[in-house]
Amino acid sequence: MLKIKNYIGGELVQPASGGYLDNYDPATGLIYSLIPDSDAADVERGVEAAKAAFPAWSRTPAEQRFEILMRLVALIERDLSSLAEAESIDNGKPLSLAKVMDIPRAASNFRFYATAAMHTANESHETVGQAINYTLRQPLGVVGCISPWNLPLYLFTWKIAPAIASGNCVVAKPSEITPMTAYLLSKLCIEAGLPPGVLNIVHGLGPKVGAAIVAHPEIKAISFTGGTKTGEDIARIAAPMFKKLSLELGGKNPNIIFADCNYDEMLATTLRSSFSNQGQICLCGSRIFVERPIYEKFKADFVARASKLKIGDPLEESTKIGAVVSKPHMEKILSYIGLAKEEGGTILSGGNQVNLEGRCSDGYFIEPTVIEGLSHSCRTNQEEIFGPVVSIMPFDTEEEVLGYANSVKYGLSATVWTENLSRAHRIAAALDSGIIWINCWLLRDLRTPFGGMKDSGIGREGGFEALKFFTEEKNVCVKI
Ligand code: NAD
């Protein structure tokens, strides 16, 4: 059975403990590879390697960093098919989705930050007649990047790319549930000629490896994406150490649909924003508020379309709904469907585990599920489920729906459907969300600030926000 290795100091190595964990294929329920059960000793090796690499890497001209990172882009694009297949097997997502979303985006992340590093300029401020100030923006040193399982290579590279491009050396941990593409990336880093120690990937459990990264005194910043509870644990350790922290956490995103919307476009996009990646995208809209005049029509059309989405083997081209990521996660989602019924909800469509025939008979599949009849304030509508489950609710006024939308503790993203321009701007300004999509969803421009408010996190990723995060500003004042 394939044994994944850590990538430390430019080499693929065994964990210090010699122990391994099982890695499951969620579409079959079978163990198909083994992950290093690393611990603080491996993190220490990663930090030592990163420290040793930092002086040279931080002084490497941006042009050279650009060339190395662009070689990595070319290798990711060369291996697109095999990386997409690996992602699909590891995560359960449809191969067709990994091919057009996850892997191309990993390449884009490196391309975006490789080129950004070539075009970054620092500010200067003239104090007329007295002085010129200029800002030096210098890399932090060794930084930690910790990522989740839902978009494995996509989110892993979203952190690593700006960190490395701006001259830092990284100790990174992918999710133990989906480690495979990070392992394949480490091989590509070797092939691309990334200097040893610039990126170190330590696999293993959050409370062991992740916690050791967070607590390490020589790691200057933590960029984390994952659950809100884990974010809290990380902040508790890192804040008193005055580490820079970027926390991209959970969500419970509203999708607000007004009667004057472009109906067909809204319906097609709402299907995607509800069930893409089995609803396991932090930006999915799980609370759908529909203006009353079109509520019944929307309900009928949406349920008809949701119930036709093909659930199947993620490796088959026609599959739209693959497996959810793990057995415990499947059980969590099913328990929320049970809770929705207890809270008085009616299941309009789905609601059950699916037992496929053949290869995937023991996989973790759940029907796309549409629920109605719940109050906006019940637990089903307040807590993050992170699966193919949405709740639909009617509303009458703007004020009312804004109250519903903002009633949760989260504030990651929101979608608004209306052809009324003034209303779109009014609602966007009033929503407690870091990312607002008007008449679209997941239309990403990598230059824009990305992140959430309230319990969805602190800080922003993307564009110059990430380059600022991974650098320390220093003002130099020169008297004239
Ligand atoms: P998680 O918090 O369980 O794990 C995320 C990562 O943190 C994993 O690598 C895990 O091993 C590690 N970890 C766990 N405990 C740790 C600890 N004590 N110290 C350090 N690291 C630790 O999250 P998950 O289940 O992998 O991912 C799903 C969550 O991620 C959802 O809540 C989802 O909304 C969120 N998410 C947010 C965004 C965003 O951009 N805001 C994007 C994707 C996913």
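Just so you know, these numbers come straight off a predicted model, no measurement behind them. Each ligand, and each atom within it, is numbered from 1 in the order the structure gives.
- For ligand 1, the atoms lying closer than 4.0 Å to a non-hydrogen atom of F450 are 40 (O).
- The shortest N or O to N or O distance between D233 and ligand 1 is not under 3.5 Å.
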| request: Given salt bridge (charged side-chain N to carboxylate O under 4.0 Å, His left out), test R236 with E232 step by step and report yes or no. | output: CA-CA 6 Å; R236 204 170 292 120; E232 263 177 57; 3.6 Å; yes
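- If you check the side chains of N255 and T415, you find no donor sitting under 3.5 Å from an acceptor.
- Note on ligand 1: G231 sits outside its first shell, no heavy atom being nearer than 4.0 Å.
- For atom 4 (O) of ligand 1, the nearest protein heavy atom lies 4.0 Å or farther away.
- Few gaps surround CZ on R444; more than 12 heavy atoms of other groups in view lie less than 6.0 Å from it.
- With a heavy-atom cut-off of 4.0 Å, L412 touches ligand 1 through its side chain alone.
- Short contacts between ligand 1 and E248, defined as distances under 4.0 Å to a heavy atom of the residue, involve ligand atoms 37 (C), 39 (C), 40 (O), 41 (N).
- Screening T181, N109, D102 against T157 for a side-chain hydrogen bond (donor to acceptor under 3.5 Å, both in side chains) leaves a single residue, N109.
- Counting protein heavy atoms only, atom 2 (O) of ligand 1 is closest to T230 OG1, 2.6 Å.
- Checked against a 3.5 angstrom limit, the closest N/O atoms of F224 and ligand 1 fall outside it.
- Ring-centre distance between F386 and W149: below the 6.0 Å cut-off.
- Looking at E461 against ligand 1, nothing comes within 4.0 Å, counting heavy atoms.
- Contact annotation: for I146 versus ligand 1, heavy atoms closer than 4.0 Å belong to the side chain alone.
- Taking only nitrogen or oxygen atoms, main chain and side chain alike, T228 does not reach within less than 3.5 Å of ligand 1.
- Remark: minimum distance from atom 41 (N) of ligand 1 to any protein heavy atom is reached at L249 O, 2.7 Å.
- Neither the backbone nor the side chain of S456 comes within 4.0 Å of ligand 1, counting heavy atoms alone.
- Residue L155 has no N or O atom closer than 3.5 Å to an N or O atom of ligand 1.
- In terms of protein heavy-atom proximity, atom 23 (O) of ligand 1 is nearest to G227 N, 3.3 Å.
- Set against the non-hydrogen atoms of E384, the atoms of ligand 1 under 4.0 Å away are 31 (C), 32 (O), 33 (C), 34 (O).
- Here the shortest heavy-atom distance to atom 35 (C) of ligand 1, taken over G226, P179, P148, belongs to G226.
- A cation-pi arrangement is absent between R460 and F450 under the rule of less than 6.0 angstrom and at most 45 degrees off the ring axis.
- Taking the six-membered ring where the residue is Trp, H203 and Y183 present perpendicular rings, their angle passing 60° and hence far from 30°.
- Taking the six-membered ring for Trp and the full ring otherwise, the centers of F289 and F395 sit at least 6.0 Å from each other.
- Considering only non-hydrogen atoms, atom 36 (N) of ligand 1 lies nearest to C282 out of A211, A238, C282.
- Under the salt bridge (charged side-chain N to carboxylate O under 4.0 Å, His left out) test applied with D432, the options K409, K454, K252 reduce to a single match, K454.
- If you take CD on E343 and CZ on R379, they are separated by 6.5 Å, rounding to the nearest 0.5 Å.
- Two residues are said to be in side-chain contact when any heavy atoms from C-beta on lie closer than 4.5 Å; R287 and V390 fail this criterion.
- Looking at ligand 1, you'll find an N or O of E176 within less than 3.5 Å of one of its N or O atoms.
- The nearest protein atom to atom 28 (C) of ligand 1, hydrogens excluded, is given as F386 CE2, 3.7 Å; this is a heavy-atom distance.
- Near P174, meaning under 4.0 Å from one of its heavy atoms, ligand 1 places the atoms 9 (O).
- Annotation: the span from I385 atom CD1 to I371 atom CD1 amounts to 6.0 Å, rounded to 0.5 Å.
- Checked against a 3.5 angstrom limit, the closest N/O atoms of N150 and ligand 1 fall outside it.
- Ligand 1 does not have G457 within reach: every non-hydrogen atom of the residue lies 4.0 Å or more from it.
- Closest heavy-atom approach to atom 9 (O) of ligand 1 among the candidates G210, S147, G206: S147.
- Counting all heavy atoms, side chain and backbone alike, A221 lies closest to L140 at CB-CD1, 3.6 Å.
- In the vicinity of K173, heavy-atom distances shorter than 4.0 Å reach the ligand 1 atoms 9 (O), 10 (C), 11 (O), 12 (C).
- The closest approach between any non-hydrogen atom of S175 and ligand 1 is below 4.0 Å.
- Distances below 4.0 Å separate heavy atoms of W149 from the following atoms of ligand 1: 24 (P), 25 (O), 26 (O), 27 (O).
- Other residues, nucleotides and ligands place more than 12 heavy atoms under 6.0 Å from the NZ atom of K208.
- Inspection of the Y364 and E331 side chains reveals no N or O donor paired with an N or O acceptor under 3.5 Å.
- In summary, of the residues considered (D90, D25, D22), a side-chain hydrogen bond (donor to acceptor under 3.5 Å, both in side chains) with Y32 occurs for D90 alone.
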